[in-house]
Amino acid sequence: MHKYSWLEKKPNLIVLWMLLPALVLELLIHILPMLVGLYISFTHLTTFTLHDWLHAPFIGLENYKVGLNPSNPLGAAFFWSFFISLAYTAITVIASTLLGLGGALLVNHHFPGRAVFRTIFLLPYAMPVFVVGIVWRFMFMRDWGLVNQLLVNAFHVIASKPFWLIGPHAFIAIVIASIWRNWPFLFLISLAGLQTIPPDQYEAAEVDGANTLMKFRHITLPGLRPVISIGILLSFLWTFNDFTLPFSMLGENPSPSADVLTLHIYSNSFQDWNFGTGAAMSVLMMMALGLIILLFNRMFRLGRRNEL
Amino acid sequence: MKRKSQLQTLTRAFFLTLYTLFVVVPLYEMVKSSFEPLRDIESTQFHFLPLHFSWKAYRDMWTTLPLARYFIDSLVVSGISTLLSIVVAICAAYAFSRFRFPGKSFFGVMILATQIFPGMLFLLPIFVMFTQIQDNTGIQLNGTYLGLVITYMTFALPFAIWMMRGYFETIPLSLEEAAMIDGCSRIGVLTRIVIPLAIPGIIAVAVFAFLNAWNEVLFASVLTSDTTQTLAIGLQSYATQTVVEWNQLMASSITVTVPVMVAFLLVQKYFLFGLTGGVKE
């Protein structure tokens, strides 16, 4: 209250003027497109009706029926792609969290060269995602890519070189690249979280005779929870919504094993020019994300602290 | 006790090595290949060090790809959208941090909510709307810088406003009060006191906005034409062709990455500030 009192004596229009540019841009580029997208999802909008989209035939829930009908090829592909996205995201986030937490515990002590390791660990996250995609495409090339060279030529783990970028292995390829790219974020978050835990808690536990595992279980994990749960949620959303990494690794037409939702909707809309179904799928994707956020909120009780 | 700590040190060293290898091997491969002739890259004989060292890829990449033009396109789009979004974000963030107004919390939540929606959700309608505007007014938004700049500046706004607001709130009100008592106007307070004090934060926000635009692929792949392609699109589409000069592609990837990597590492501590600003109550 006191913070604002000296301002409120002189209410003025200046607030409005300062907010106006941001407000207009948000309305035009964020809010309006969402409404337009919602409308398009009820129409049969193709490349022929694109220039007159307001008069594209209104077909009600038809696009949603097609998208949600598993016995229809389009619907089946949509469900498949949703499942791929979910698996891709879940594996990425779980692996990144474990790696990130482990990495943070490794450098959370003072030792010579600590800052160097910290910087090295951040490098994948500092790279543009499309470069990450290009580099991993390069690594996974079949005949001479480093992955196959190491597996076959150098260490003789397997006898013949598998294809990584096409066929069933493409999923593994994008997951590895995605983990490589995403774990530093959770590392950064975990490290920040560790530093918020007061050291005297550990000292007190030691006096009471707690071992390393007990300290980790009862001090470190609960202490990390508020920060790391936000980190997990953000990285889940970013990975689920990410288009760039799979696109720059596999191009517009990935094999079904790596046909994540973003790529799927993209090729549906901009190659097959089915804007209506594309929009319906985007809306469904957003609703699924909303559900996931709610579930997540239930699980981690975001915003509330240390109730354990 | 001593043996235990030695064991700990060894375990730590072991895991640090594993982590470092995981991170560094792809980076090393990228750098190594950029200094190799193509036939060495495509040879199946495993070699850890380059067989023949050459700078040639760094020279040839400028002619194999219109790399200089990609650079200019990316610089123009990222630079202009960053500048504009910073100006807009400063105003909005200041209003957020210093005034109370109806709908403030709703607006705040809305701004953050747009962060979590898939880009795909916006891409289609924006493309359709831009086509419509083009048809009706003749203003070219698809395939020009303009459409991309407007989109990128708006997409940078939520994070920029959120982060700058956190920054402004660390600046004591008493400074502003004193200046206003001395007859300084509201705008004067903003430009003479708040902005100079918030410069580090503003620079950090600018870097993040720039990086987002520099690295963006989804919108750029639809909203650019052959003459306005950004680096991200140019390199990506080259990488998926059947015949690729991989040494040159790696050389150009490194050239594109190094400046933004340095910039990110310089401001990464603010990145966390921006994110955790929302976590702390």
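In what follows, every chain begins at residue 1, and chains take the letters A, B, ... in the order their sequences are listed.
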Open item on the list: Between A:Leu123, A:Thr262, A:Leu237, who has the most heavy-atom pairs with chain B when the cutoff is under 4.5 Å?
Closed with: A:Leu123
- [ ] Look at B:Val222, B:Val258, B:Val256 and state which one has the largest set of heavy-atom pairs under 4.5 Å with chain A.
- [x] B:Val222
TODO: Let me know if B:Phe264 has heavy atoms under 4.5 Å from chain A in its side chain, its backbone, both or neither.
DONE: side chain
Task: ring pair (Phe, Tyr, Trp, His ring centres under 6.0 Å) between B:Phe117 and A:His30, worked out - done: CA-CA 10 Å; B:Phe117 293 138; A:His30 272 142; 8.5 Å; no
TODO: Give, as side chain, backbone, both or neither, the part of B:Phe127 having an atom under 4.5 angstrom from any heavy atom of chain A.
DONE: side chain
Task: Where at least one partner belongs to residues 210-219 of chain B, residue pairs that pass side-chain hydrogen bond (donor to acceptor under 3.5 Å, both in side chains), sequence neighbours excluded - done: B:Tyr152-B:Glu216
Open item on the list: Give me the atom names and distance for the closest heavy-atom approach of B:Ser43 to A:Gln149.
Closed with: O-NE2, 3.0 Å
TODO: Output the option from B:Ser85, B:Gly119, B:Ser221, B:Ala93 having the highest count of non-hydrogen pairs under 4.5 Å with chain A.
DONE: B:Ser221
Task: Parallel, tilted or perpendicular, as decided by the 30° and 60° cut-offs, for the rings of B:Trp246 and A:Trp144 - done: perpendicular
- [ ] Kindly write out the residues that satisfy salt bridge (Lys or Arg N to Asp or Glu O under 4.0 Å) with A:Lys161, not counting sequence neighbours, or none if the list is empty.
- [x] none
- [ ] Indicate the ring-plane relationship of A:Trp183 and B:Phe22, choosing parallel, tilted or perpendicular according to the 30° and 60° boundaries.
- [x] tilted
TODO: Pick whichever of B:Val128, B:Val260, B:Ile126 has the most heavy-atom pairs under 4.5 Å with chain A.
DONE: B:Val128
Task: Side-chain (B:Gln236) to main-chain (A:Phe130) donor-acceptor, under 3.5 angstrom - done: no
